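Report on the structure given below.
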Amino acid sequence: MSASESAYRRIWAVVLGIPRGRVATYGQVARLAGFPNHARLAGYALHALPDGSPVPWHRVVNAKGEVSPRRDGSGHDRLQRLMLKREKVRFDGRGRISLAAFRWRPTVRP
DNA sequence: CCACTGACGAGTG
DNA sequence: GCACTCGCCAGTG
């Protein structure tokens, strides 16, 4: 059990809170998990996610509103777009999501 | 220990 | 808006 594993769990817990039809950015997720300026950590945590977990990893995109291309040929980026479209998330002609319209804004409650 | 890479992002020109 | 640099952390060789 490495120290980073608990960091992963905190990242996953945040992602678990993203509702259907909304997206969050890697930087946003990291910040909400208590790791400001550690966007890459969020990406790494999602990459390490076990198969079949309830964490909606597909609702996390990069700061440009794009689905980050996978370099490992897994094709998960294509699957991600598919799942988002199924949730009625709209992509423009360049394959980008309007963050102004679909970004998740967590409600701050006392 | 060092170099390099990767589901990233802010800053600069 | 695009290309580039730098900062960040973890894993690999």
Side-chain angles (χ1 to χ4, degrees):
Chain A
M1 186 79 109
S2 60
S4 63
E5 213 163 316
S6 66
Y8 287 177
R9 292 182 190 286
R10 293 175 67 177
I11 301 274
W12 298 340
V14 171
V15 176
L16 215 39
I18 308 174
R20 251 180 119 261
R22 296 263 151 191
V23 298
T25 67
Y26 293 98
Q28 180 183 4
V29 168
R31 183 166 46 76
L32 291 172
F35 304 100
N37 304 117
H38 290 64
R40 295 194 83 150
L41 185 61
Y44 214 92
L46 295 185
H47 188 245
L49 208 53
D51 246 9
S53 86
V55 178
W57 53 270
H58 61 285
R59 297 181 188 142
V60 184
V61 299
N62 63 32
K64 293 181 284 191
E66 300 170 329
V67 167
S68 290
R70 305 305 195 268
R71 328 267 166 177
D72 55 7
S74 61
H76 286 175
D77 46 351
R78 194 178 136 284
L79 173 64
Q80 182 173 3
R81 269 192 273 279
L82 208 63
M83 295 176 82
L84 286 176
K85 284 180 182 175
R86 215 181 64 183
E87 296 185 355
K88 306 287 195 284
V89 172
R90 303 289 219 83
F91 290 79
D92 66 13
R94 298 198 219 92
R96 295 178 18 182
I97 301 167
S98 168
L99 290 180
F102 293 100
R103 180 180 171 124
W104 173 46
R105 293 188 180 72
T107 312
V108 187
R109 61 180 107 67

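Convention: sequence-line order gives letters A, B, ...; per-chain numbering from 1. Please read these numbers as outputs of a predicted model, since none were measured by experiment.
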Sorted by chain and residue number, the side-chain contact (heavy atoms from CB on, under 4.5 Å) partners of A/Arg105 (sequence neighbours excluded) come out as A/Arg22

Hits for side-chain contact (heavy atoms from CB on, under 4.5 Å) against A/Ala39, two or more places apart or cross-chain, chain-then-number order -> A/Tyr26

Answer yes or no: is there a donor N or O on one side and an acceptor on the other, between the side chain of A/Trp12 and the main chain of A/Ala45, under 3.5 Å? yes

Q. Under 3.5 Å, is there a donor-acceptor pair between the side chain of A/Arg103 and the main chain of A/Ala101?
A. no

Counterpart residues, side chain to side chain donor-acceptor pair (under 3.5 Å), relative to [X] (two or more places apart):
{"X": "A/Asp72", "answer": "A/Ser74"}
{"X": "A/His58", "answer": "A/Glu87"}
{"X": "A/Thr25", "answer": "none"}

From [atom1] of [X] over to [atom2] of [N], roughly how many Å is that when rounded to an integer?
{"X": "A/Leu46", "N": "C/dA10", "atom1": "CG", "atom2": "P", "answer": "15 Å"}
{"X": "A/Leu99", "N": "B/dC8", "atom1": "CG", "atom2": "P", "answer": "15 Å"}
{"X": "A/Asn62", "N": "B/dA10", "atom1": "CG", "atom2": "P", "answer": "11 Å"}
{"X": "A/Leu41", "N": "B/dT5", "atom1": "CG", "atom2": "C1'", "answer": "16 Å"}
{"X": "A/Glu66", "N": "C/dG1", "atom1": "CD", "atom2": "P", "answer": "10 Å"}

Numerically ordered, the residues 49-59 of chain A set in heavy-atom contact under 4.0 Å with DNA chain B is A/Trp57

Residues in residues 13-34 of chain A with a heavy atom under 4.0 Å of DNA chain B, by number, are A/Thr25, A/Tyr26, A/Gly27

On DNA chain C, more 5' by nearest nucleotide between A/Arg94 and A/Asn37 is A/Arg94

Comparing nearest nucleotides in DNA chain C, the 5'-proximal residue of the pair A/Arg40, A/Tyr44 is A/Arg40

For A/Lys64, the salt bridge (charged side-chain N to carboxylate O under 4.0 Å, His left out) test, sequence neighbours excluded, returns A/Glu66

Scan A/His38 against the nucleic acid and name what it touches under 4.0 Å (heavy atoms): base, sugar-phosphate only, or nothing.
sugar-phosphate

Students should find that the hydrophobic cluster of A/Val23, defined by side-chain heavy atoms under 4.5 Å apart, otherwise consists of A/Val61, A/Val67, A/Leu84, A/Val89, A/Phe91, A/Ile97, A/Leu99, A/Phe102

